[in-house]
Amino acid sequence: MDPDSQTSTETDRVAALRAYGVLDTPPEPAIDEIARLAAHLCRAPMALVSLVADDRQWFKSRVGVDVAQTARSASMCDHAIRTEQLFVVTDAADDPRFSDNPMVKGPPHIRFYAGQPLVTPEGHRLGTLCVIDNHPRLEGLDPTQVMALRILAGQVMAQLELRRALRDRSETEERLRLALAAAENVGAWDWDVANDRVVADAQFARFYGVDPEVAAAGAPLASFVSRIHPDDLDRVTAEIDAALRGLEAFESEYRLIGDGGEPRWVFARGQVFGDEAGRAARFPGTVVDITARKRVEEELARAARLLADSEARFRAIADTMPQMVWSARPDGLHDYYNARWYEFTGVPENSTDGEGWNGVFHPDDQARAWEVWRRSLETGEPYEIEYRLRHHSGVYRWTLGRALAIRDASGRVTRWFGTCTDIDDLKRAEHAKELLSQELSHRIKNIFAVVTALIGLSARQSPGARVFADALRTRINALARAHDFVRPHTEASRPTLAGTTLHAFLRDLFDAYVGPDGERRVEISGDDAVFDDQAATPVALLFHELATNAAKYGALSTDGGRVRLHTVRQANRFILTWEERGGPAITAPPTRTGFGSSLTALSVESQLGGRLEREWASEGLRLTADLPVTALARRRNAAHTSTQPAEGSRVLPQHAKTEPSP
Amino acid sequence: MSARILIIEDEALVALEVQLVLEDLGHTVVGMAADADSARAIAAETVVDLALVDINLSDGPTGLALGRELAEDHGVSVVFMTGNPGMLRQGVAGTIGVLSKPTDETSVQAAVAYALRRRTGERALPAPPALRLFA
């Protein structure tokens, strides 16, 4: 050992000394014998095993000295430990370093001193083995004595080392024992391989179904394998053999059969130690119950598998759907599109993630789509919009976009799933159909015009037919107007801005009956209703006849006469009341009913399935038509029987909401 | 007062009846046209006081532009007669109003009389009920 390089600081030296745990311990025969042997060999009356602590020297063994320790300042050993060599003072009384030393001046009256340092394997000099004489020895020690002293100092050190090792081991074992006892799921074994004896603790014994007392005493390895799961036994045996052959560390996870037959996963870790001949000698280790961890792992694996399965299934479904499918995070950023989307748009994969989708929309639709999407994100309500989407060919195609929010148990939106459906062909077909039906209805209206012109022209040839022709013509005109209200319309073709309700039609029909100041002479009030093409003809004829009759004989035949037309819905009936006032006074019901009255009765009773009542009051005719509420719009009622409004409310059906219902 | 009237209508029977009605009143029907180009040709050749103009003609929905053109470029009083009065909801510059088809003799007579009186400068007239005036 190189003394200079191994010189330690004083602090480290004192710490090393303390680590041996020897200070202030009782005498030990083994060390005392060494001290006595040293004294004997050196023919010295005194010998010490002196350990130099931070402020004192303490004697682990002393021969011929009474005191157990001295102050460090009085220590000659303190000088001796400054080198690794034997330190000799031939006459202390004559040495200026020690002449004033109390142990020189007083008992034990030291004159000769020879100290051999006690050096640890790490190079710390803990103290000395020294021999002392109270006579000076100018000749010092002879070579044999020097050698004996060095060997004996080594022996003291060996004793101290042994002591330290024992102490270390017992501490480690204690810690280990405490740790193992604290951990219920950890067992420990130590296998004496040569003698095939496995010594194991109680927990290990329990794991392997062995009586703890038998395990503590030691039993052959074979006693411990019965609980290893048959499917794992061959593998574990092979792993043990491999560790034994290679003198290696051993690690293995395998199953044990529990007391109730339930499998228990353990993780075993050990180390094979060899003897001098390189044969496996000992094989200690620990085993940990990892059943809980394994279960978690298996659940995770299963969950991951399920997730992967459902993800794969989802993608398979999404990719085979005729629609484009996408998903977005709750913040609205898109993170998935199916194959169809890329096929349709031709955009590079992932290029429409985030907010990139908007760029594939028609520039005129982008802002609107954003607005609708933003509103859905804010409210969580379903998203539905029609927009033009850029096809990979460069043309924009009408597309129906819809999306639904997916929510967790607490109702929080976790994801949006959406589809885009190419409705361009549908849209075109619808448009074509609309054009066709408008064209047809326009032609029908044109035919009405041609028919009335034909009537007018025909009447010119026979002047006697003039009255008849005019009556026919106005009836046909009334029909034409009624049908104009119920035919398919565009915004531009609609006859009035007021819509196509019954009241709007009646106002239009009675437009011609105005007073001198332009005020309407037929006042319409009450519940409005819609009517369809089936009801148009009877409705037109009913009111045309009533009005022309009133204009000829009734309230509209005089300047001051008025008609009040009140319509009311009562339960499932729709009741129209026509009341004339201010016309010529009526003294008796007309004796002869004309064709107009027949048309009225036919319209109400046969075509509308209602009841007709006429009351000839003196102030004017009062007529009541009591119709089933379904008579006005049979088709619509067939489609919406459940949406009838409550009694007294408007008969107008609610306009379909533009927002889809959740 | 007798006026020179142009009838622009692609249904011959309807046009014929209007012609007879107008002639009964003493007016001169200067021409009947079924499409815009024929109407322009007549208006270019002869003086026209009033034109009764259908919207949908044999060359398509060309009546609207034609009516405006006759009113603004030729100083013709224009009354539309159409089955689709909704197409004229915004009105047509320079023209008087619209008569909804099918119509009857009385309405045609009243509308023509109103249009001609307005032509002579009588502004504050009550319009006949069947004629919807443009603002």
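Chain naming here is simple, since letters A, B, ... match the order of the sequence lines and numbering starts at 1 in each. All figures in this text were calculated on a predicted structure; none of them were measured in a lab.
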Assess whether a salt bridge exists between [X] and [Y], defined as any Lys/Arg side-chain N lying under 4.0 Å from an Asp/Glu carboxylate O.
X: B:E17; Y: A:R473; value: yes
X: A:R564; Y: A:E580; value: no
X: A:D365; Y: A:R368; value: yes
X: B:R40; Y: B:D37; value: yes

* Would you mind checking which part of B:V18 comes under 4.5 Å of any heavy atom in chain A, side chain (CB onward), backbone (N, CA, C, O), both or neither? => neither

* **Interface moiety of B:T106 toward chain A, non-hydrogen atoms closer than 4.5 Å** => neither

* Measure up the A:F543 and A:F510 rings against each other and bin them: parallel (under 30°), tilted (30 to 60°), perpendicular (over 60°). => perpendicular

* Structure fact -> Applying a strict 4.5 Å limit to non-hydrogen atoms, the region of A:L457 in contact with chain B is both

* To do: Report, by ascending residue number, the residues of residues 57-73 of chain B in heavy-atom contact with chain A at a distance under 4.5 Å; give 'none' if the set is empty.
  => none

* Step-by-step side-chain contact (heavy atoms from CB on, under 4.5 Å) determination, A:L599 to A:F595 -> CA-CA 6 Å; A:L599 272 184; A:F595 178 61; 3.6 Å; yes

* Asked: Should A:E523 and A:R562 count as side-chain neighbours, where that means a heavy-atom distance under 4.5 Å?
  -> no

